[in-house]
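Heads up, the thing below is written out as C-alpha coordinates.
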Protein chains: 2
Amino acid sequence: MHLPSSAIYLPHLAYDSVVFGFSGDSLRILIMEYHKTGWFALPGGFVRRDEHLDTAVKRGLKERTALDNIFLRQFHTFGATDRFDAAAMEAIMVANDIDPVANSWLLGRFVTVAYYALIDYKKVTLQPDALSDSVNWYAVGELPPLLFDHEHIVREALRTLRENLGRNLMETNLLPPLFTMKDLQCVYEAILGEPQHRSSFQRKMLASGLLERCEKLLTGAAHKAPYLYRFAPHPRSADE
Amino acid sequence: MHLPSSAIYLPHLAYDSVVFGFSGDSLRILIMEYHKTGWFALPGGFVRRDEHLDTAVKRGLKERTALDNIFLRQFHTFGATDRFDAAAMEAIMVANDIDPVANSWLLGRFVTVAYYALIDYKKVTLQPDALSDSVNWYAVGELPPLLFDHEHIVREALRTLRENLGRNLMETNLLPPLFTMKDLQCVYEAILGEPQHRSSFQRKMLASGLLERCEKLLTGAAHKAPYLYRFAPHPRSADE
DNA sequence: ATACTATTGTCTCACCGTGCGACAATGATA
DNA sequence: TATCATTGTCGCACGGTGAGACAATAGTAT
(Lines give C-alpha, C1' and ligand atoms only; values in the text may rest on other atoms or scores of the structure.)
Protein backbone atom coordinates (compact mmCIF):
# COMPACT_ATOMS: atom_id res chain seq x y z
CA MET A 1 0.00 0.00 0.00
CA HIS A 2 1.19 3.47 -0.80
CA LEU A 3 2.09 5.26 2.37
CA PRO A 4 3.80 8.52 3.23
CA SER A 5 7.47 8.02 3.81
CA SER A 6 9.68 9.84 6.26
CA ALA A 7 12.05 10.56 3.39
CA ILE A 8 9.70 12.93 1.60
CA TYR A 9 7.83 14.44 4.54
CA LEU A 10 8.92 16.63 7.41
CA PRO A 11 8.88 14.43 10.51
CA HIS A 12 6.80 15.27 13.58
CA LEU A 13 4.83 17.92 11.72
CA ALA A 14 1.29 17.49 10.43
CA TYR A 15 -1.71 19.55 9.50
CA ASP A 16 -5.41 19.03 10.14
CA SER A 17 -8.22 20.77 8.36
CA VAL A 18 -11.68 21.60 9.60
CA VAL A 19 -13.70 21.84 6.40
CA PHE A 20 -17.00 23.64 6.89
CA GLY A 21 -19.66 22.97 4.30
CA PHE A 22 -22.81 24.92 3.68
CA SER A 23 -25.83 24.02 1.62
CA GLY A 24 -28.66 26.44 2.13
CA ASP A 25 -29.48 25.67 5.72
CA SER A 26 -27.06 23.86 7.98
CA LEU A 27 -23.37 24.04 8.73
CA ARG A 28 -21.46 20.77 8.53
CA ILE A 29 -17.94 19.46 8.88
CA LEU A 30 -15.98 16.98 6.84
CA ILE A 31 -15.07 13.90 8.91
CA MET A 32 -13.25 10.80 7.77
CA GLU A 33 -13.57 7.26 9.10
CA TYR A 34 -10.57 4.96 9.26
CA HIS A 35 -10.73 1.48 7.71
CA LYS A 36 -12.06 -1.26 9.98
CA THR A 37 -11.72 0.68 13.20
CA GLY A 38 -14.90 2.72 13.47
CA TRP A 39 -12.75 5.68 14.42
CA PHE A 40 -13.35 9.16 13.15
CA ALA A 41 -10.94 12.02 12.68
CA LEU A 42 -10.37 15.26 10.84
CA PRO A 43 -8.79 15.00 7.41
CA GLY A 44 -5.13 15.85 7.69
CA GLY A 45 -1.76 15.07 6.26
CA PHE A 46 1.92 15.80 6.18
CA VAL A 47 4.17 18.46 4.70
CA ARG A 48 6.70 17.63 2.02
CA ARG A 49 10.24 18.65 2.71
CA ASP A 50 10.30 21.24 -0.05
CA GLU A 51 6.70 22.37 0.16
CA HIS A 52 5.10 25.47 1.60
CA LEU A 53 2.93 24.62 4.59
CA ASP A 54 -0.10 26.29 3.03
CA THR A 55 0.50 24.39 -0.19
CA ALA A 56 0.49 21.08 1.62
CA VAL A 57 -2.92 21.81 3.11
CA LYS A 58 -4.32 22.89 -0.25
CA ARG A 59 -2.98 19.71 -1.83
CA GLY A 60 -4.59 17.48 0.79
CA LEU A 61 -7.89 19.25 0.46
CA LYS A 62 -7.86 18.98 -3.28
CA GLU A 63 -7.27 15.26 -3.08
CA ARG A 64 -10.32 14.77 -0.91
CA THR A 65 -12.75 17.27 -2.38
CA ALA A 66 -11.48 17.76 -5.94
CA LEU A 67 -11.84 21.47 -5.28
CA ASP A 68 -9.28 24.10 -6.09
CA ASN A 69 -9.08 27.66 -4.84
CA ILE A 70 -10.65 26.86 -1.53
CA PHE A 71 -11.00 29.52 1.15
CA LEU A 72 -8.46 28.42 3.73
CA ARG A 73 -7.19 29.98 6.96
CA GLN A 74 -4.65 28.79 9.44
CA PHE A 75 -5.92 29.36 12.97
CA HIS A 76 -3.75 27.55 15.50
CA THR A 77 -0.89 25.14 15.99
CA PHE A 78 -1.44 22.41 18.54
CA GLY A 79 1.74 21.26 20.22
CA ALA A 80 0.83 19.35 23.37
CA THR A 81 2.91 16.27 24.03
CA ASP A 82 -0.11 14.14 24.90
CA ARG A 83 -2.21 15.07 21.91
CA PHE A 84 -1.06 12.07 19.92
CA ASP A 85 -2.18 8.52 20.71
CA ALA A 86 0.44 6.08 19.45
CA ALA A 87 -1.66 3.04 20.35
CA ALA A 88 -4.59 4.25 18.27
CA MET A 89 -2.29 5.08 15.41
CA GLU A 90 -0.74 1.63 15.54
CA ALA A 91 -4.19 0.01 15.52
CA ILE A 92 -5.07 2.01 12.44
CA MET A 93 -1.89 0.86 10.74
CA VAL A 94 -2.55 -2.78 11.60
CA ALA A 95 -6.10 -2.52 10.29
CA ASN A 96 -4.65 -1.26 7.03
CA ASP A 97 -1.91 -3.87 6.67
CA ILE A 98 0.81 -1.34 7.30
CA ASP A 99 3.89 -2.53 9.14
CA PRO A 100 4.20 -0.41 12.30
CA VAL A 101 7.88 -1.23 12.60
CA ALA A 102 8.82 -0.15 9.11
CA ASN A 103 6.74 3.01 9.50
CA SER A 104 7.53 3.83 13.08
CA TRP A 105 7.95 7.52 12.28
CA LEU A 106 4.15 7.69 12.24
CA LEU A 107 4.00 6.59 15.87
CA GLY A 108 6.00 9.47 17.23
CA ARG A 109 4.79 12.79 18.44
CA PHE A 110 3.25 15.23 15.98
CA VAL A 111 2.78 18.95 16.20
CA THR A 112 -0.17 19.86 14.01
CA VAL A 113 -1.01 23.11 12.30
CA ALA A 114 -4.77 23.47 12.04
CA TYR A 115 -6.65 25.20 9.23
CA TYR A 116 -10.29 25.80 8.56
CA ALA A 117 -11.92 25.94 5.15
CA LEU A 118 -15.31 27.06 3.88
CA ILE A 119 -16.84 25.39 0.86
CA ASP A 120 -20.19 24.85 -0.78
CA TYR A 121 -20.84 21.18 -0.28
CA LYS A 122 -23.09 20.87 -3.26
CA LYS A 123 -20.05 21.34 -5.46
CA VAL A 124 -17.97 18.63 -3.85
CA THR A 125 -17.38 15.01 -4.79
CA LEU A 126 -15.90 13.40 -1.73
CA GLN A 127 -12.91 11.16 -2.23
CA PRO A 128 -11.75 8.88 0.62
CA ASP A 129 -8.00 8.46 0.81
CA ALA A 130 -5.94 5.32 1.23
CA LEU A 131 -6.56 5.06 4.96
CA SER A 132 -10.22 5.93 5.15
CA ASP A 133 -13.44 4.11 4.41
CA SER A 134 -15.41 7.25 3.94
CA VAL A 135 -15.41 11.00 4.11
CA ASN A 136 -18.75 12.44 5.13
CA TRP A 137 -20.52 15.55 6.29
CA TYR A 138 -21.62 15.83 9.90
CA ALA A 139 -23.67 18.65 11.32
CA VAL A 140 -21.83 20.73 13.87
CA GLY A 141 -23.24 19.58 17.17
CA GLU A 142 -23.82 16.04 15.94
CA LEU A 143 -20.25 14.96 15.42
CA PRO A 144 -19.14 11.43 16.24
CA PRO A 145 -16.41 11.07 18.86
CA LEU A 146 -13.12 12.06 17.26
CA LEU A 147 -9.63 10.71 17.72
CA PHE A 148 -6.79 12.51 19.44
CA ASP A 149 -7.54 16.16 20.26
CA HIS A 150 -9.64 16.67 17.16
CA GLU A 151 -12.79 17.69 19.02
CA HIS A 152 -10.81 20.44 20.66
CA ILE A 153 -9.54 21.52 17.26
CA VAL A 154 -13.09 21.70 15.90
CA ARG A 155 -14.24 23.87 18.78
CA GLU A 156 -11.39 26.30 18.22
CA ALA A 157 -12.07 26.38 14.49
CA LEU A 158 -15.70 27.25 15.01
CA ARG A 159 -14.84 29.97 17.49
CA THR A 160 -12.36 31.55 15.08
CA LEU A 161 -14.71 31.28 12.13
CA ARG A 162 -17.46 33.12 13.99
CA GLU A 163 -15.11 35.88 15.06
CA ASN A 164 -13.87 36.49 11.54
CA LEU A 165 -17.06 36.00 9.62
CA GLY A 166 -17.45 39.54 8.39
CA ARG A 167 -13.96 39.75 6.99
CA ASN A 168 -13.98 36.32 5.38
CA LEU A 169 -17.24 35.71 3.69
CA MET A 170 -16.51 37.51 0.48
CA GLU A 171 -13.80 35.06 -0.50
CA THR A 172 -15.44 31.83 0.47
CA ASN A 173 -17.30 30.81 -2.69
CA LEU A 174 -20.13 29.77 -0.41
CA LEU A 175 -22.53 31.75 -2.55
CA PRO A 176 -23.03 31.87 -6.31
CA PRO A 177 -21.76 34.98 -8.11
CA LEU A 178 -25.22 36.54 -7.81
CA PHE A 179 -27.31 36.00 -4.71
CA THR A 180 -30.18 37.54 -2.82
CA MET A 181 -30.02 39.19 0.56
CA LYS A 182 -31.94 36.24 1.92
CA ASP A 183 -29.26 33.84 0.71
CA LEU A 184 -26.61 35.87 2.43
CA GLN A 185 -28.59 35.96 5.63
CA CYS A 186 -28.96 32.17 5.60
CA VAL A 187 -25.20 31.76 5.42
CA TYR A 188 -24.71 34.04 8.37
CA GLU A 189 -27.36 32.28 10.40
CA ALA A 190 -25.93 28.83 9.72
CA ILE A 191 -22.46 29.89 10.76
CA LEU A 192 -23.38 32.01 13.73
CA GLY A 193 -25.98 29.51 14.86
CA GLU A 194 -28.61 32.11 15.64
CA PRO A 195 -31.25 34.00 13.66
CA GLN A 196 -30.54 37.51 12.41
CA HIS A 197 -33.12 40.27 12.21
CA ARG A 198 -34.01 40.76 8.57
CA SER A 199 -34.12 44.51 8.33
CA SER A 200 -31.10 45.20 10.52
CA PHE A 201 -29.15 42.60 8.64
CA GLN A 202 -30.01 44.18 5.32
CA ARG A 203 -29.05 47.63 6.51
CA LYS A 204 -25.78 46.43 7.96
CA MET A 205 -24.79 44.55 4.83
CA LEU A 206 -25.61 47.45 2.54
CA ALA A 207 -23.65 49.83 4.75
CA SER A 208 -20.60 47.57 4.80
CA GLY A 209 -19.71 48.55 1.25
CA LEU A 210 -18.93 44.93 0.37
CA LEU A 211 -21.97 44.42 -1.85
CA GLU A 212 -23.04 45.65 -5.26
CA ARG A 213 -26.66 45.57 -6.24
CA CYS A 214 -27.57 44.33 -9.71
CA GLU A 215 -30.83 43.67 -11.55
CA LYS A 216 -34.01 41.96 -10.47
CA LEU A 217 -34.64 38.28 -9.92
CA LEU A 218 -37.66 36.82 -11.69
CA THR A 219 -37.81 33.16 -10.71
CA GLY A 220 -41.24 31.81 -9.89
CA ALA A 221 -41.91 32.68 -6.29
CA ALA A 222 -45.15 34.08 -5.06
CA HIS A 223 -43.83 37.38 -3.83
CA LYS A 224 -41.95 40.50 -4.70
CA ALA A 225 -38.84 39.76 -6.72
CA PRO A 226 -35.71 40.49 -4.68
CA TYR A 227 -32.63 42.26 -5.93
CA LEU A 228 -29.54 40.28 -6.76
CA TYR A 229 -26.22 41.21 -5.23
CA ARG A 230 -22.60 40.34 -5.79
CA PHE A 231 -19.48 40.98 -3.73
CA ALA A 232 -17.83 44.17 -4.85
CA PRO A 233 -14.45 43.55 -6.47
CA HIS A 234 -13.05 46.65 -4.77
CA PRO A 235 -14.98 47.21 -1.55
CA ARG A 236 -15.68 50.88 -1.22
CA SER A 237 -15.41 52.80 1.98
CA ALA A 238 -18.26 54.81 3.44
CA ASP A 239 -17.62 58.00 1.46
CA GLU A 240 -18.54 56.93 -2.05
CA MET B 1 30.43 25.40 22.66
CA HIS B 2 27.13 24.12 23.88
CA LEU B 3 24.75 23.82 20.97
CA PRO B 4 21.31 22.33 20.45
CA SER B 5 21.53 18.83 19.11
CA SER B 6 19.20 17.16 16.70
CA ALA B 7 18.90 14.27 19.15
CA ILE B 8 17.03 16.30 21.76
CA TYR B 9 15.08 18.68 19.56
CA LEU B 10 12.35 18.17 17.00
CA PRO B 11 13.95 18.77 13.61
CA HIS B 12 12.65 21.41 11.20
CA LEU B 13 10.48 23.03 13.84
CA ALA B 14 11.30 26.25 15.64
CA TYR B 15 9.59 29.05 17.49
CA ASP B 16 10.15 32.78 17.44
CA SER B 17 8.91 35.23 20.01
CA VAL B 18 8.03 38.88 19.62
CA VAL B 19 8.46 40.25 23.11
CA PHE B 20 6.77 43.59 23.59
CA GLY B 21 8.01 45.69 26.46
CA PHE B 22 6.36 48.66 28.05
CA SER B 23 7.79 51.22 30.41
CA GLY B 24 5.42 54.09 30.93
CA ASP B 25 5.59 55.62 27.50
CA SER B 26 6.82 53.67 24.50
CA LEU B 27 6.35 50.20 23.09
CA ARG B 28 9.49 48.25 22.32
CA ILE B 29 10.55 44.86 21.08
CA LEU B 30 13.28 42.50 22.21
CA ILE B 31 15.87 41.99 19.47
CA MET B 32 19.05 39.94 19.65
CA GLU B 33 22.30 40.50 17.77
CA TYR B 34 24.40 37.55 16.63
CA HIS B 35 28.07 37.39 17.50
CA LYS B 36 30.43 39.10 15.03
CA THR B 37 27.93 39.41 12.24
CA GLY B 38 26.02 42.60 12.97
CA TRP B 39 22.84 40.70 12.19
CA PHE B 40 19.67 41.05 14.17
CA ALA B 41 16.84 38.63 14.71
CA LEU B 42 13.97 37.76 17.00
CA PRO B 43 14.76 35.55 19.96
CA GLY B 44 13.70 32.02 19.18
CA GLY B 45 14.56 28.42 19.76
CA PHE B 46 13.71 24.80 19.33
CA VAL B 47 11.26 22.36 20.83
CA ARG B 48 12.46 19.35 22.80
CA ARG B 49 11.17 16.02 21.67
CA ASP B 50 9.12 15.47 24.82
CA GLU B 51 8.15 19.05 25.49
CA HIS B 52 4.90 20.94 24.97
CA LEU B 53 5.29 23.60 22.32
CA ASP B 54 4.08 26.31 24.69
CA THR B 55 6.50 25.09 27.34
CA ALA B 56 9.42 25.41 24.96
CA VAL B 57 8.59 29.04 24.31
CA LYS B 58 8.21 29.79 28.01
CA ARG B 59 11.54 28.15 28.68
CA GLY B 60 13.32 30.18 26.03
CA LEU B 61 11.80 33.39 27.28
CA LYS B 62 12.74 32.65 30.84
CA GLU B 63 16.35 32.06 29.85
CA ARG B 64 16.56 35.47 28.22
CA THR B 65 14.49 37.61 30.56
CA ALA B 66 14.60 35.68 33.87
CA LEU B 67 10.84 36.20 33.97
CA ASP B 68 8.28 33.56 34.77
CA ASN B 69 4.54 33.67 34.20
CA ILE B 70 4.81 35.82 31.13
CA PHE B 71 1.74 36.68 29.10
CA LEU B 72 2.23 34.67 25.94
CA ARG B 73 0.06 34.07 22.89
CA GLN B 74 0.67 32.02 19.80
CA PHE B 75 -0.48 33.95 16.75
CA HIS B 76 0.73 32.28 13.55
CA THR B 77 2.89 29.52 12.11
CA PHE B 78 5.13 30.52 9.25
CA GLY B 79 5.78 27.71 6.83
CA ALA B 80 7.13 29.17 3.60
CA THR B 81 9.95 27.22 2.00
CA ASP B 82 12.03 30.32 1.30
CA ARG B 83 11.76 31.82 4.75
CA PHE B 84 15.02 30.31 5.90
CA ASP B 85 18.42 31.54 4.69
CA ALA B 86 20.91 28.71 4.97
CA ALA B 87 23.83 30.91 3.91
CA ALA B 88 23.15 33.41 6.67
CA MET B 89 22.77 30.60 9.16
CA GLU B 90 26.06 29.09 8.10
CA ALA B 91 27.80 32.45 8.45
CA ILE B 92 26.44 32.75 11.97
CA MET B 93 27.75 29.29 12.80
CA VAL B 94 31.19 30.06 11.41
CA ALA B 95 31.34 33.31 13.39
CA ASN B 96 30.61 31.28 16.51
CA ASP B 97 33.12 28.48 15.85
CA ILE B 98 30.41 25.96 15.21
CA ASP B 99 31.09 23.28 12.65
CA PRO B 100 28.42 23.60 9.93
CA VAL B 101 29.01 20.03 8.81
CA ALA B 102 28.53 18.44 12.20
CA ASN B 103 25.45 20.59 12.79
CA SER B 104 23.96 20.50 9.35
CA TRP B 105 20.46 19.96 10.76
CA LEU B 106 20.48 23.70 11.53
CA LEU B 107 20.90 24.53 7.86
CA GLY B 108 17.74 22.83 6.70
CA ARG B 109 14.31 24.26 6.39
CA PHE B 110 12.42 25.34 9.50
CA VAL B 111 8.74 25.90 10.07
CA THR B 112 8.39 28.38 12.90
CA VAL B 113 5.55 28.92 15.33
CA ALA B 114 5.42 32.57 16.33
CA TYR B 115 4.33 33.92 19.70
CA TYR B 116 4.03 37.36 21.15
CA ALA B 117 4.57 38.31 24.76
CA LEU B 118 3.87 41.40 26.81
CA ILE B 119 6.12 42.31 29.70
CA ASP B 120 7.11 45.27 31.80
CA TYR B 121 10.65 45.95 30.78
CA LYS B 122 11.59 47.60 34.01
CA LYS B 123 11.39 44.20 35.66
CA VAL B 124 13.67 42.44 33.21
CA THR B 125 17.36 41.65 33.34
CA LEU B 126 18.33 40.76 29.81
CA GLN B 127 20.48 37.72 29.31
CA PRO B 128 22.15 37.11 25.91
CA ASP B 129 22.36 33.46 24.95
CA ALA B 130 25.26 31.47 23.55
CA LEU B 131 24.86 32.79 20.03
CA SER B 132 24.16 36.44 20.70
CA ASP B 133 26.23 39.43 21.67
CA SER B 134 23.31 41.31 23.08
CA VAL B 135 19.60 41.37 23.62
CA ASN B 136 18.16 44.85 23.52
CA TRP B 137 14.98 46.84 23.33
CA TYR B 138 14.12 48.64 20.10
CA ALA B 139 11.18 50.94 19.65
CA VAL B 140 8.59 49.65 17.23
CA GLY B 141 9.19 51.66 14.07
CA GLU B 142 12.91 51.96 14.73
CA LEU B 143 13.90 48.34 14.38
CA PRO B 144 17.17 47.36 12.71
CA PRO B 145 16.92 45.18 9.60
CA LEU B 146 16.07 41.65 10.71
CA LEU B 147 17.15 38.28 9.36
CA PHE B 148 14.92 35.85 7.52
CA ASP B 149 11.22 36.78 7.54
CA HIS B 150 11.39 38.26 11.01
CA GLU B 151 10.20 41.71 9.98
CA HIS B 152 7.11 40.12 8.56
CA ILE B 153 6.61 38.23 11.80
CA VAL B 154 6.86 41.46 13.79
CA ARG B 155 4.24 43.16 11.63
CA GLU B 156 1.83 40.29 12.10
CA ALA B 157 2.46 40.24 15.84
CA LEU B 158 1.70 43.91 16.17
CA ARG B 159 -1.46 43.58 14.13
CA THR B 160 -2.69 40.70 16.28
CA LEU B 161 -1.78 42.44 19.50
CA ARG B 162 -3.79 45.52 18.56
CA GLU B 163 -6.81 43.46 17.60
CA ASN B 164 -6.85 41.57 20.87
CA LEU B 165 -5.85 44.34 23.23
CA GLY B 166 -9.11 44.54 25.13
CA ARG B 167 -9.23 40.85 25.86
CA ASN B 168 -5.59 40.49 26.78
CA LEU B 169 -4.54 43.34 28.90
CA MET B 170 -5.83 42.03 32.18
CA GLU B 171 -3.39 39.13 32.18
CA THR B 172 -0.27 40.86 30.98
CA ASN B 173 1.34 42.03 34.20
CA LEU B 174 2.12 45.22 32.38
CA LEU B 175 0.64 47.16 35.25
CA PRO B 176 1.13 46.84 39.00
CA PRO B 177 -1.73 45.30 41.00
CA LEU B 178 -3.11 48.78 41.66
CA PHE B 179 -2.94 51.46 39.02
CA THR B 180 -4.57 54.71 38.01
CA MET B 181 -6.75 55.28 34.98
CA LYS B 182 -3.95 57.38 33.56
CA ASP B 183 -1.54 54.44 33.79
CA LEU B 184 -3.98 52.25 31.93
CA GLN B 185 -4.47 54.86 29.25
CA CYS B 186 -0.72 55.12 28.70
CA VAL B 187 -0.50 51.39 28.07
CA TYR B 188 -3.27 51.57 25.52
CA GLU B 189 -1.73 54.53 23.76
CA ALA B 190 1.70 52.92 23.53
CA ILE B 191 0.28 49.74 22.05
CA LEU B 192 -2.26 51.30 19.72
CA GLY B 193 0.18 53.99 18.69
CA GLU B 194 -2.32 56.81 18.92
CA PRO B 195 -3.69 59.05 21.68
CA GLN B 196 -6.98 58.20 23.36
CA HIS B 197 -9.49 60.76 24.54
CA ARG B 198 -9.31 60.91 28.29
CA SER B 199 -12.95 61.06 29.19
CA SER B 200 -14.16 58.58 26.59
CA PHE B 201 -11.43 56.21 27.59
CA GLN B 202 -12.40 56.39 31.22
CA ARG B 203 -16.05 55.83 30.46
CA LYS B 204 -15.30 52.88 28.21
CA MET B 205 -13.03 51.19 30.73
CA LEU B 206 -15.47 51.62 33.58
CA ALA B 207 -18.28 50.20 31.45
CA SER B 208 -16.24 47.18 30.41
CA GLY B 209 -16.69 45.60 33.81
CA LEU B 210 -13.06 44.56 33.92
CA LEU B 211 -12.03 47.05 36.57
CA GLU B 212 -12.64 47.41 40.28
CA ARG B 213 -12.18 50.76 41.93
CA CYS B 214 -10.36 50.90 45.26
CA GLU B 215 -9.23 53.75 47.53
CA LYS B 216 -7.47 56.97 46.81
CA LEU B 217 -3.87 57.53 45.88
CA LEU B 218 -1.97 60.00 48.01
CA THR B 219 1.46 60.25 46.46
CA GLY B 220 2.85 63.71 46.11
CA ALA B 221 1.53 65.15 42.90
CA ALA B 222 0.17 68.64 42.62
CA HIS B 223 -3.37 67.73 41.69
CA LYS B 224 -6.45 65.83 42.67
CA ALA B 225 -5.59 62.34 43.89
CA PRO B 226 -6.84 59.76 41.43
CA TYR B 227 -8.60 56.53 42.30
CA LEU B 228 -6.69 53.31 42.15
CA TYR B 229 -8.07 50.40 40.14
CA ARG B 230 -7.35 46.73 39.83
CA PHE B 231 -8.46 44.13 37.33
CA ALA B 232 -11.56 42.37 38.60
CA PRO B 233 -10.86 38.71 39.40
CA HIS B 234 -14.27 37.77 38.00
CA PRO B 235 -15.19 40.33 35.34
CA ARG B 236 -18.85 41.17 35.74
CA SER B 237 -21.22 41.61 32.87
CA ALA B 238 -23.29 44.73 32.36
CA ASP B 239 -26.17 43.70 34.64
CA GLU B 240 -24.55 43.77 38.04
C1' DA C 1 -59.49 41.45 -14.39
C1' DT C 2 -59.38 41.55 -9.46
C1' DA C 3 -58.27 40.28 -4.90
C1' DC C 4 -55.12 37.98 -2.08
C1' DT C 5 -50.64 36.31 -0.17
C1' DA C 6 -45.95 36.05 0.79
C1' DT C 7 -41.79 38.32 0.56
C1' DT C 8 -38.93 42.32 0.05
C1' DG C 9 -37.08 47.23 0.41
C1' DT C 10 -37.31 50.99 3.26
C1' DC C 11 -38.56 54.03 7.03
C1' DT C 12 -39.00 55.34 11.82
C1' DC C 13 -38.19 55.12 16.62
C1' DA C 14 -35.74 54.11 20.78
C1' DC C 15 -31.49 52.84 22.66
C1' DC C 16 -26.59 52.54 23.30
C1' DG C 17 -21.66 53.42 22.62
C1' DT C 18 -18.45 57.04 21.38
C1' DG C 19 -15.87 61.52 20.32
C1' DC C 20 -15.54 65.76 22.40
C1' DG C 21 -15.88 69.55 25.20
C1' DA C 22 -17.25 71.71 29.81
C1' DC C 23 -17.31 71.93 34.69
C1' DA C 24 -16.75 70.97 39.42
C1' DA C 25 -13.85 68.55 42.90
C1' DT C 26 -9.53 68.21 45.15
C1' DG C 27 -4.58 67.38 46.66
C1' DA C 28 -0.31 69.78 46.57
C1' DT C 29 2.28 73.97 46.52
C1' DA C 30 3.28 78.85 47.08
C1' DT D 1 -5.64 81.22 51.71
C1' DA D 2 -5.05 81.42 46.74
C1' DT D 3 -3.51 79.06 42.81
C1' DC D 4 -2.71 75.21 39.79
C1' DA D 5 -2.84 70.82 37.60
C1' DT D 6 -5.20 66.79 37.26
C1' DT D 7 -9.21 63.95 37.81
C1' DG D 8 -14.17 62.34 37.91
C1' DT D 9 -18.35 63.25 35.80
C1' DC D 10 -21.87 65.19 32.91
C1' DG D 11 -24.10 66.76 28.60
C1' DC D 12 -24.41 66.99 23.66
C1' DA D 13 -24.17 65.33 18.93
C1' DC D 14 -23.54 61.57 15.98
C1' DG D 15 -23.66 57.00 14.17
C1' DG D 16 -24.75 52.01 14.49
C1' DT D 17 -28.31 48.64 15.94
C1' DG D 18 -32.61 45.96 17.38
C1' DA D 19 -37.26 46.00 16.43
C1' DG D 20 -41.48 46.99 14.43
C1' DA D 21 -44.41 49.11 10.67
C1' DC D 22 -45.66 50.03 6.02
C1' DA D 23 -45.75 50.18 1.15
C1' DA D 24 -44.37 47.77 -3.14
C1' DT D 25 -44.79 43.80 -6.02
C1' DA D 26 -44.58 39.06 -8.39
C1' DG D 27 -47.14 35.19 -8.41
C1' DT D 28 -51.56 32.73 -7.35
C1' DA D 29 -56.39 32.10 -6.56
C1' DT D 30 -61.05 33.62 -7.56
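The figures here come from the full heavy-atom set of this structure, side chains too, leaving out hydrogens, waters and symmetry mates. Nothing here was measured: the structure is a model prediction, and the numbers come from that model. Residue numbers begin at 1 in each chain, while the letters A, B, ... track the order of the sequences.
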Practice item. May I ask you to list the residues of residues 176-201 of chain A, by number, that have any heavy atom positioned under 4.0 Å from an atom of DNA chain C? Key: K182(A), R198(A), S199(A)
Review point. Charged N to carboxylate O under 4.0 angstrom, R28(B) versus E142(B)?
Key: no
Exercise for review: Figure out the NZ/P separation between K204(B) and dT9(D), and round it to whole Å.
Suggested key: 17 Å
Exercise for review: Could you tell me whether the phosphate oxygens of dT10(C), OP1 or OP2, come under 4.0 Å of any side-chain nitrogen or oxygen in R213(A)?
Suggested key: yes
Check your understanding: Got a sec, which residues hit side-chain contact (heavy atoms from CB on, under 4.5 Å) with E33(B), two or more places apart in sequence or on another chain?
Key -> F40(B), S134(B)
**Study point:** Of Y227(A) and R203(A), the one whose closest DNA chain C nucleotide lies more 5'
**Key:** Y227(A)
Review point. Taking it one step at a time, do T180(A) and Y229(A) satisfy side-chain contact (heavy atoms from CB on, under 4.5 Å)?
Key: CA-CA 6 Å; T180(A) 67; Y229(A) 299 86; 5.6 Å; no
Review point. Would you say the ring centroid of F110(A) lies under 6.0 angstrom from that of F148(A)?
Key: no
Study note, to complete from the structure: From NZ of K224(B) across to P of dC23(C) the rounded distance in Å is 16 Å
**Study point:** Out of dG8(D), dG9(C), dT18(C), whichever nucleotide has its closest atom nearest the side chain of Y229(A)
**Key:** dG9(C)
Exercise for review: Check the distance between dT18(C)'s C1' and Q202(B)'s CD and give it to me in whole angstrom.
Suggested key: 15 Å
Practice item. Starting from P on dG9(C), measure out to NE2 on H223(A) and report it in whole angstrom. Key: 10 Å
Check your understanding: Taking side chain as C-beta onward, heavy atoms only, is L158(A) less than 4.5 Å from V140(A)?
Key -> yes
Check your understanding: Starting at CE of M205(A) and ending at C1' of dT10(C), how long is that distance when rounded to a whole Å?
Key -> 17 Å
Review point. Is R213(A) close enough and on-axis enough to Y227(A), meaning under 6.0 Å and within 45°, for cation-pi?
Key: yes
